[in-house]
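Numbers for residues simply follow the sequence, beginning at 1.
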Amino acid sequence: MQNNAVGSKMPLSKTLGVIIGFPIIATLISLLFKNRYLITDLGLNYGITIKVIIIIWYLTQIYLIARLLRSEGWSWADIGYSFNT
């Protein structure tokens with residue numbers, strides 16, 4: 001932990017929200033994919049729609065993690081991701 005105060009911890013509620021919430025939402029999205037006719041009845045291409053939803057979900061996860069880190073004064077490097085060489 002480089003930029004935050006020594007010993008500062010992420011609140012348990014936020015950690016559990018990510019650890020439990022993200023898989024629950026991903027499961028619900030996968031159940032949506034199981035019902036192929038729900039997507040095709042709307043006139044959408046099934047394969048493209050799945051890919052778009054998955055990309056949006058991954059980008060949403062990155063955005064939510066970034067906001068969570070910023071709200072606690074943490075950086076990506078504090079959790080092991082360094083975007084510089």
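- Linking Ile, Leu, Val, Met, Phe, Trp and Tyr whenever their side-chain heavy atoms come within less than 4.5 Å leaves Leu28 and Ile39 in two separate clusters.
- Under a hydrophobic clustering in which Ile, Leu, Val, Met, Phe, Trp and Tyr are joined whenever their side-chain heavy atoms come within less than 4.5 Å, directly or via other members, Ile24 and Ile29 fall into different clusters.
- Within the model, atoms CG of Leu64 and CG of Leu69 stand 11.0 Å from one another, a figure rounded to the nearest 0.5 Å.
- Taken to the nearest 0.5 Å, the CD1 atom of Ile55 stands 9.0 Å off from the NZ atom of Lys51.
- Side-chain contact between Gln61 and Ile25 is absent, with no heavy-atom pair separated by less than 4.5 Å.
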Practice item. Assess whether side-chain contact (heavy atoms from CB on, under 4.5 Å) is satisfied between Phe33 and Thr49, documenting all intermediate values. Key: CA-CA 9 Å; Phe33 296 153; Thr49 304; 6.0 Å; no
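- We find the OG1-OH distance between Thr40 and Tyr46 to be 9.0 Å, quoted to the nearest 0.5 Å.
- Distance OH/Tyr63 to OG1/Thr60: 9.5 Å, rounded to 0.5 Å.
- Among the candidates Arg67, Lys9, Lys14, the single residue satisfying the side chain to side chain contact (heavy atoms under 4.5 Å, CB included) test with Glu72 is Lys14.
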Practice item. Take Trp76 and Ile65 through the side-chain contact (heavy atoms from CB on, under 4.5 Å) test and state the conclusion after the steps. Key: CA-CA 9 Å; Trp76 286 102; Ile65 294 292; 3.5 Å; yes
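- If you chain together hydrophobic residues whose side chains sit under 4.5 Å apart, Phe22 and Leu59 never meet in one group.
- Within the model, atoms OG of Ser30 and CD1 of Ile50 stand 10.5 Å from one another, a figure rounded to the nearest 0.5 Å.
- The CG atom of Leu32 lies 12.5 Å from the NZ atom of Lys34; values are rounded to the nearest 0.5 Å.
- At a threshold of 4.5 Å between side-chain heavy atoms, the hydrophobic network of Ile, Leu, Val, Met, Phe, Trp and Tyr places Ile62 and Trp57 in one connected group.
- Leu12 is not connected to Val18 by any chain of hydrophobic side-chain contacts under 4.5 Å among Ile, Leu, Val, Met, Phe, Trp and Tyr, and they are in different clusters.
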